[in-house]
Protein chains: 2
Amino acid sequence: MTTTATSRSRRRPVQTRARQTVEAILDAVIRILKREGFDAVTTNRIAEVAGVSIGSLYQYFPDKRAIFAALHRRHVEEVDRAIQTALIENAASSLDHLIRALVDAMIHAHTRDPELHELLMTEVPHRADGTVDFAMRLRGAFRLAIATRAGELSNGRDLDTTVFVVTHMVDALCHGAATRRPSHLSLADAKREISAAVLAYLRAVPAQAA
Amino acid sequence: MTTTATSRSRRRPVQTRARQTVEAILDAVIRILKREGFDAVTTNRIAEVAGVSIGSLYQYFPDKRAIFAALHRRHVEEVDRAIQTALIENAASSLDHLIRALVDAMIHAHTRDPELHELLMTEVPHRADGTVDFAMRLRGAFRLAIATRAGELSNGRDLDTTVFVVTHMVDALCHGAATRRPSHLSLADAKREISAAVLAYLRAVPAQAA
DNA sequence: AATAGATATGAGCATTCATTCAAGTATTTC
DNA sequence: GAAATACTTGAATGAATGCTCATATCTATT
């Protein structure tokens, strides 16, 4: 497990059998993470839990870090698909509706397995393992959503700035709603509140420079 | 480095010499993290870079994880002090001013060493290593700030909900502003924008239940 | 049926790493 | 200035880990 060199790449699974092996490996990591903690996630144990030989593991992953990277990628792509779907299904909706739909999609994606998401963020190293790509695509989604609805806004604000704020708001609040929501607050209420917060910002008149 | 058992506790530094040793150890971890990456952070290397013997390290830390925990604690306490100071210095200020001050303090704290903060969040495991405590104290600060200024708000909203939203907004946006701010956006502008977003939410009329 | 390519196996190697401990050196206390 | 306490040292240990490779089995293709 070296940080420095990019290890040589490996075979890409082409048969179904092989794809199952890869999936089994990623699933095994999750199971071990949840049941035994991060330190128990050794390559040998991964293979064991996946019901696969250690040799097979190294057919598809050049080193241990690559497994974590793949796990993050898989997770991120899942969320991304949800976002893109919401974006397409609401191409004709009002800003109001679209924001609600995006928030809904984000929360839904994070609610499927909050524990996993939490573990991935706090225990599994993920420097630039798709996280940056995801942030970019999320920004892209909101940029599109907002830019095409500029008419509905009391404008004047720079688009990049708006997108920056909205993206961070939605990401953090949805994540928080899925994992650390106060007990009084229902998921439905949380969704409403998050959308309301975003819309309040979008509609507010920009602050004047001091 | 075991996840399971809580390792037996160690000597607490009482002489200045010993406190310097502990500080040197934590500083060494940061240096290695930045220069050589997480995987290079071994106990032996920490001791070496700290200019301290490996034996001394184990006088004060029961195991490797404890070092990470201490590092997180030190960082979190720094941010916390900044927040508390802002809270006290603006005890008599308007909500507007106080929010600005809190945002300013948060950003300032994260701007001192953005790279470190980023590394701590993405590479160094930190499950429940002060992170939870920090979230609680941050919520406490905002709860106090908002509850004592309820008069300034177009109220009707549940306090816990408000605090939940505001805390996540400020934390994520300040963090983002310090580490991933788009190049067009100056720090000063970011501060204004974040404060504006928070105030827009606070002043907006609560959304109605569907 | 035969061939080639893809996939699977797992014992074992080289290395690394976290941690201990017995012995020494400062500092404080009385 | 002696006794007690706090601190430091670093070679050594042993368990664990990441990963390779020679061999075997499956699947697809012709």
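This is a predicted model, so every value here is computed, not measured. Quick note: numbers below take in every heavy atom, side chains included, and nothing from hydrogens, waters or symmetry partners. The chains referred to below are lettered A, B, ... by the order of the sequence lines, with proteins before strands, and numbering in each begins at 1.
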Nearest-angstrom distance from the residue atom CG of A:L57 to P of C:dG10: 14 Å
Just by distance, do the side chain of A:T161 and the backbone of A:R157 share a donor-acceptor pair under 3.5 Å? no
Rounded to the Å, how far apart are A:K64 NZ and D:dA16 P? 14 Å
Got a sec? Which of residues 41-48 of chain B come in under 4.0 Å of DNA chain D, heavy atoms? none
Rounded distance (Å) that lies between atom C1' of C:dA6 and atom CZ of A:R10: 15 Å
What's the verdict on side chain to side chain donor-acceptor pair (under 3.5 Å) for B:H75 and B:H117, showing C-alpha distance, side-chain angles and the deciding distance? CA-CA 8 Å; B:H75 185 249; B:H117 190 239; 4.5 Å; no
B:I67 has an atom CD1; how far is it from atom C1' of C:dT19, in whole Å? 11 Å
Write down the distance between CZ (B:R11) and C1' (C:dT27), rounded to a whole number of angstrom. 12 Å
In whole Å, what is the span from the CZ atom of A:F38 to the C1' atom of D:dT17? 13 Å
OG1 (A:T122) and CZ (B:R127) are apart, to the nearest 0.5 Å, by 5.0 Å
Would the B:H72 and B:F68 ring centres measure less than 6.0 Å apart? no
Have a look at B:F61 and say if it touches a base, only the backbone sugar-phosphate, or nothing, with a 4.0 Å heavy-atom cut-off. nothing
Rounded to whole angstrom units, what separation is found between the CZ atom of B:F68 and the C1' atom of C:dA18? 12 Å
CG of B:L185 to NZ of B:K191, rounded to nearest 0.5 Å, is 11.5 Å
With distance as the sole test, does B:H97 use its side chain to make a donor-acceptor pair with the main-chain N or O of B:S93 at under 3.5 Å? no
Side chain of B:V52, heavy atoms from C-beta onward: which of C:dG10, D:dT9, D:dT8 has the nearest atom to it? D:dT9
Distance col, row A:D104:CG vs A:R192:CZ, nearest 0.5 angstrom, shows 11.5 Å
Heavy-atom nearest nucleotide on DNA chain D for A:Q59 versus A:I54: which residue maps closer to 5'? A:I54
Expected list for residues 15-33 of chain B near DNA chain C, using heavy atoms below 4.0 Å, is B:Q15, B:R17
Distance test, side-chain N/O of A:R12 to OP1/OP2 of C:dT7, below 4.0 Å: no
Step-by-step salt bridge (Lys or Arg N to Asp or Glu O under 4.0 Å) determination, A:D160 to B:R181: CA-CA 10 Å; A:D160 280 335; B:R181 177 163 38 90; over 6 Å; no
Residue pair B:N90 / B:R149: nearest heavy atoms and the distance that separates them: O-NH2, 3.3 Å
Is any side-chain N or O of A:Y58 closer than 4.0 Å to OP1 or OP2 of D:dC19? yes
